[in-house]
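The figures here come from the full heavy-atom set of this structure, side chains too, leaving out hydrogens, waters and symmetry mates.
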Amino acid sequence: QLQLVESGGGLVQPGGSLRLSCTASGFTLDYYYHIGWFRQAPGKEREGVSCIDSSSGITYYSDSVKGRFTISRDKTMNTAYLQMNSLKPEDTGVYYCAAARIVLFSICDEDEYDHWGQGIQVTVSS
């Protein structure tokens, strides 16, 4: 069974940092997989936060997180990360990691992804 599991979420004060991890089981999150991090804030639609194109290594960041978040993957290629710094209350939401073998149009469009984690809560509040 192919699964993605997120970890590392929680409550953090504004200005703080968290690192989210996304670990694959049942398959190897290798170079053939594009990886995306998405989030859904309360009352809002899910949006792409950061994604990485496995073919080129090019990374994408939404304007709201550019310069503060960093997406990466480890040497074993079975875990992806989202380092989140200078967190703001508007970063609060449920964060999901996702993986896709093929992306036809847009690397950070959620419709391109077919493997999803269950989501993890990130709350930024004083």
Side-chain angles (χ1 to χ4, degrees):
Q1 185 177 0
L2 309 183
Q3 281 189 317
L4 294 171
V5 179
E6 301 96 342
S7 60
L11 173 65
V12 63
Q13 291 187 343
S17 298
L18 283 175
R19 188 176 79 158
L20 302 183
S21 299
C22 173
T23 302
S25 64
F27 70 110
T28 300
L29 200 62
D30 57 21
Y31 278 116
Y32 293 106
Y33 281 93
H34 309 283
I35 296 168
W37 285 96
F38 298 81
R39 73 183 177 193
Q40 187 164 22
K44 295 187 177 180
E45 293 186 353
R46 189 159 58 186
E47 62 170 341
V49 173
S50 181
C51 302
I52 184 166
D53 185 312
S54 64
S55 304
S56 64
I58 293 175
T59 54
Y60 163 89
Y61 297 94
S62 67
D63 288 342
S64 61
V65 307
K66 202 171 295 182
R68 300 187 297 121
F69 290 13
T70 304
I71 188 172
S72 63
R73 61 203 307 176
D74 73 0
K75 291 182 180 179
T76 68
M77 305 306 295
N78 223 41
T79 302
Y81 302 98
L82 185 67
Q83 177 67 42
M84 306 186 295
N85 298 329
S86 302
L87 283 161
K88 304 175 181 180
E90 50 264 43
D91 294 318
T92 295
V94 178
Y95 283 70
Y96 301 86
C97 70
R101 286 294 295 267
I102 298 172
V103 170
L104 295 178
F105 301 108
S106 176
I107 190 63
C108 229
D109 182 341
E110 64 174 277
D111 291 336
E112 301 276 13
Y113 289 81
D114 43 17
H115 301 295
W116 288 85
Q118 80 286 354
I120 192 164
Q121 179 69 42
V122 171
T123 303
V124 184
S125 175
S126 55

### Task
Please check if the side chain of H34 supplies one atom and the backbone of D53 the other of a donor-acceptor pair under 3.5 Å.
no
### Task
Can you measure from OG (S50) to CZ (R39) and round to the nearest 0.5 angstrom?
11.0 Å
### Message
As an exercise, state the distance from CG of N85 to CZ of R68, rounded to the nearest 0.5 Å.
### Response
9.0 Å
### CD1-SG distance between I58 and C51, expressed to the nearest 0.5 angstrom
13.0 Å
### Query
Have S62 and S64 got a donor and an acceptor in their side chains that come within less than 3.5 Å?
yes
### Query
F38 vs Y113 aromatic rings, parallel, tilted or perpendicular, using cut-offs 30° and 60°?
perpendicular
### Query
Do W37 and Y33 share a hydrophobic cluster (ILVMFWY, side-chain heavy atoms under 4.5 Å, transitive)?
yes
### Query
Just wondering, more than 12 heavy atoms not from L2 lying within 6.0 Å of its CG?
yes
### Task
Establish whether I107 and L82 are linked, either directly or via other cluster members, by ILVMFWY side-chain heavy-atom contacts under 4.5 Å.
no
### Summary
Between C22 and L4, the two heavy atoms sitting closest are SG-CD2, 3.9 Å
#### Entry: Same cluster (ILVMFWY, side-chain, under 4.5 Å), Y96 and I52
no
#### Entry: Distance-minimising heavy-atom pair for G8 and L18
O-CD2, 3.7 Å
### Query
Does the side chain of Y95 come within less than 4.5 Å of E6's, by heavy atoms?
no
### Query
Hey, what do you get for CD1 (I35) to CZ (R73), rounding to the nearest 0.5 Å?
3.5 Å
### Separation between OG1 of T70 and OH of Y81, rounded to the nearest 0.5 Å
14.0 Å
### Task
Indicate yes or no for a side-chain donor-acceptor contact from Q118 to the backbone of V5 under 3.5 Å, with no hydrogens or angles considered.
no
### Main-chain N/O of F105 paired with E112 side-chain donor or acceptor, under 3.5 Å
yes
### Query
Under 4.5 Å between side-chain heavy atoms, hopping through other hydrophobics if needed: is there a path connecting Y60 to L20?
no
### Task
Look up atom CH2 in W116 and atom CD in E110, then write down how far apart they are to the nearest 0.5 Å.
5.0 Å
### Atom NZ of K66 with >12 non-hydrogen neighbours under 6.0 angstrom
yes
### Query
Considering residues, nucleotides and ligands other than I102, do more than 12 of their heavy atoms fall under 6.0 Å from its CD1?
no
#### Entry: Over all atoms of both residues, closest heavy-atom pair of P42 and G93
CD-CA, 4.5 Å
### Query
Is there a donor-acceptor pair under 3.5 Å between the side chain of Q83 and the backbone N or O of R19?
no
#### Entry: Hphob cluster co-occupancy, V124 + I120, side-chain heavy atoms under 4.5 angstrom
yes
#### Entry: Heavy atoms of other groups near E45 CD, more than 12 under 6.0 Å
no
### Query
Would D91 and K88 pass as an ion pair if we require N to O under 4.0 Å?
no
### Query
Checking side chain to side chain contact (heavy atoms under 4.5 Å, CB included) for the pair S125/L11: CA distance, chi angles, key distance, verdict?
CA-CA 7 Å; S125 175; L11 173 65; 4.2 Å; yes
